[in-house]
Amino acid sequence: MEVMTFNIDKDRRNLVDDKQNFNIDFHDSKYNWLQARQYEESMRQVEVHVVHGDGSPVDLTGMNPVFEGWLPEGLYRIIDAKHSVMIDAQNGIFRFDFPAPAFQIAGSYKQAFFRLMKDGKSVTTLEFSLEVLADKVISGLVPSDYITPFEDEYDKLIAIVEKADSKFAEQLIEWKNEFNKIIGDLNGDYISIKSLADALDARLKTLEDKIKADGLLTQADLDKSLIDIMQKVDNSVEQVTGGLTYLSDDMMTDIDGGYTDLSKLKKFKDSIDTDTNLTRIAFATDTHHEIESNWRPHMTSGLRHVLNPMYVQDVVDAVIFNGDNINNGGGGDKAVANYLVQDFSTTVRSLVESDTPVLINKGNHDNNYKDATVYDDWRSLPSQVLTNAELAHYYGYDIKNDRIIRDGNSAYCYLDLPNNIRMYVLDSYDTPETLDSDGYLDFNARQNSIYSQKQLQWLANTLDPNKTTVFFAHNPVEQVFDTGNASNEVNHDVLHQLLNGFAAGSSGTINGATGITVKYTFEHAGTIAGVFTGHLHKSSMVVDNDINYIQTTCQAVYADGDHREERANKFGTYQEDAFDVIEIDPVKKHVKLKRYGYGEDRDYDY
């Protein structure tokens with residue numbers, strides 16, 4: 001039996017050169033491999049060991065290993081959660097017995113790996129080389145998708161239909177509950193299935209009502225009534241398989257009603273300058289996704305706004321959602337906030353179809369702090385808010401990525417882009433989680449924009465004057481935009497002085513108004529292409545000390561600070577959205593902001 005060992009902390013592979021003709025180079029001996037003959041059934045087994053970076057075993061207790069593969073011709077997929085056997089969970093060992101459908105087509109798998117599932121969350125191993133040798137003697141399986149969770153549930157449903165005895169109603173209800181659990185477990189990775197569960201519930205309710213009214217159904221009634229359910233199961237399989245490869249336009253339109261105007265979006269994408277001398281960043285801010293709100297209807301269509309920036313991902317070098325991704329920052333139910341941030345983040349991740357980095361920043365609404373009115377009303381208990389650690393998990397700050405450099409699991413980070421450009425994402429709500437004497441949080445991130453000394457010193461230490469630098473933060477710098485809340489903008493004065501010192505190429509120590517100090521040394525002047533922020537829900541530009549500060553309006557339709565009434569009439573059209581593609585030319589020192597949706601293009605020299 002072949003033994004495979006995966007180090008989930010250190011394993012890595014090179015990015016593919018051609019993401020359309022996806023082929024992984026397995027020439028490096030570090031990759032695991034397996035060969036099998038067509039039509040072998042459950043005899044080809046592997047023992048899988050999963051370890052941490054230091055070689056210690058990963059505790060797999062409660063995890064369900066799932067084999068996921070993209071067959072050699074790239075037409076069919078395998079998602080198999082049925083054929084794994086946990087041998088020693090605490091020591092990270094399981095066995096996988098490959099079923100015959102895994103060996104339907106001769107050739108080398110496009111992609112094959114294991115996904116370790118627990119409570120709807122998952123981590124994946126590195127790909128391994130899986131080669132299927134041709135069998136010219138036996139002509140067996142017809143190639144098709146093989147998705148075991150749905151295959152199993154489909155078979156159970158057929159058995160219930162064929163039996164149709166006096167316990168039919170009870171069995172059907174039991175099947176419905178089990179199927180919905182399968183959907184729920186998969187929803188952490190395949191958000192497009194969510195709508196299926198709702199439709200299935202409604203259809204099965206109709207069947208149950210029929211049973212109650214008329215007693216047992218005839219076989220003809222059953223066949224007629226269940227055909228729609230069976231079709232939905234088949235459709236769900238197709239939706240799941242889309243999660244393993246590049247999402248088509250049709251798949252993406254399943255989210256929140258889909259694109260408002262796909263033809264305009266395609267035209268916009270075609271207009272993006274793909275000159276390799278330019279660096280491009282898709283920039284969206286203030287989506288304010290919500291279940292319901294007094295600002296409806298745009299809040300309930302928040303996920304639809306995610307579609308547009310993600311549509312251009314393959315022609316840009318980075319995508320950033322710049323905070324206030326949800327609108328539950330008014331101190332609503334934490335369970336609702338939990339749902340919203342996961343809904344937002346999972347949608348973003350489900351749309352990733354390229355190697356382009358996608359970053360999610362946080363704003364003053366994301367942690368679920370209360371609105372400030374009078375003192376007794378705005379104080380938040382720790383149990384009421386999403387902690388920084390929880391948000392780090394939901395927004396992927398704890399996912400290791402060699403390209404994205406963080407300070408531990410910090411929201412703030414940087415990554416290097418083509419043309420010697422360094423992109424910083426700053427956390428303007430780096431809020432301490434200390435408590436007052438009554439057990440309430442000392443600081444309210446709904447009202448206080450805070451930069452910690454730790455973050456600012458990290459920034460001073462990592463800034464490189466040899467790179468063209470661009471900054472993103474949710475909250476604008478108070479000393480530049482005069483947001484009117486100077487007492488609530490904590491350590492913005494230090495950030496402002498640090499950016500000025502970087503642009504001037506100076507050295508020194510900054511003594512902030514709150515008593516913090518930050519030391520910096522820059523051998524020569526750095527180049528800042530722009531500081532991009534949101535929060536104010538309007539588009540504007542200010543030049544301060546020769547640094548360009550740029551505001552971009554919200555994606556949320558009705559929340560535009562200057563054009564709320566006008567934008568209210570744009571709901572349901574492509575202008576309900578607003579995001580920019582920032583094109584940076586480091587040679588000409590020119591920036592162009594191409595606007596999709598409501599608003600205008602802008603440009604400037606730096």
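The model shown is predicted, which means the values in this text are computed figures rather than measured ones. Reckoned from all heavy atoms, side chains included, excluding hydrogens, waters and symmetry mates.
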Side chain of [X], backbone of [Y]: donor and acceptor closer than 3.5 Å?
X: D97; Y: S84; answer: no
X: S449; Y: Y429; answer: no
X: T125; Y: F114; answer: yes
X: N322; Y: A284; answer: no
X: Y397; Y: G408; answer: no
X: D442; Y: E433; answer: no

Is the closest side-chain donor-acceptor distance between [X] and [Y] under 3.5 Å?
X: D366; Y: Y395; value: yes
X: N368; Y: K334; value: no
X: S129; Y: Y109; value: no
X: N325; Y: H289; value: no
X: S428; Y: N475; value: no
X: D324; Y: H474; value: yes

- Message: Show, in sequence, the C-alpha distance, side-chain angles and deciding distance for Y369 and F443, and conclude whether the ring pair (Phe, Tyr, Trp, His ring centres under 6.0 Å) test is met.
- Response: CA-CA 9 Å; Y369 283 81; F443 295 93; 9.9 Å; no
Any side-chain heavy-atom pair of I320 and M423 under 4.5 Å = yes
Next item on the list: Would you mind reporting whether N419 and T468 have side-chain heavy atoms less than 4.5 Å apart?
Entry: no
Is it possible for you to check whether R422 lies under 6.0 Å from the centre of the six-membered ring of Y414, through NZ or CZ, and within 45° of that ring's axis?
yes
One should read off an interatomic distance between L415 CG and I421 CD1, to the nearest 0.5 angstrom, of 11.0 Å
- Message: Parallel, tilted or perpendicular, judged at 30° and 60°: which one describes the rings of H83 and F96?
- Response: perpendicular
Would you call the rings of Y424 and F471 parallel, tilted or perpendicular, where under 30° means parallel and over 60° means perpendicular? parallel
Here the pair of heavy atoms bringing D80 nearest to P99 is OD2-CG, 3.0 Å
Centroid-centroid under 6.0 Å between F98 and F103 rings: yes
Point to revise | Salt-bridge present (D416, R403; N to O < 4.0 Å) | key: no
If the threshold is 4.0 Å, N to carboxylate O, is there a salt bridge linking R95 and E2? no
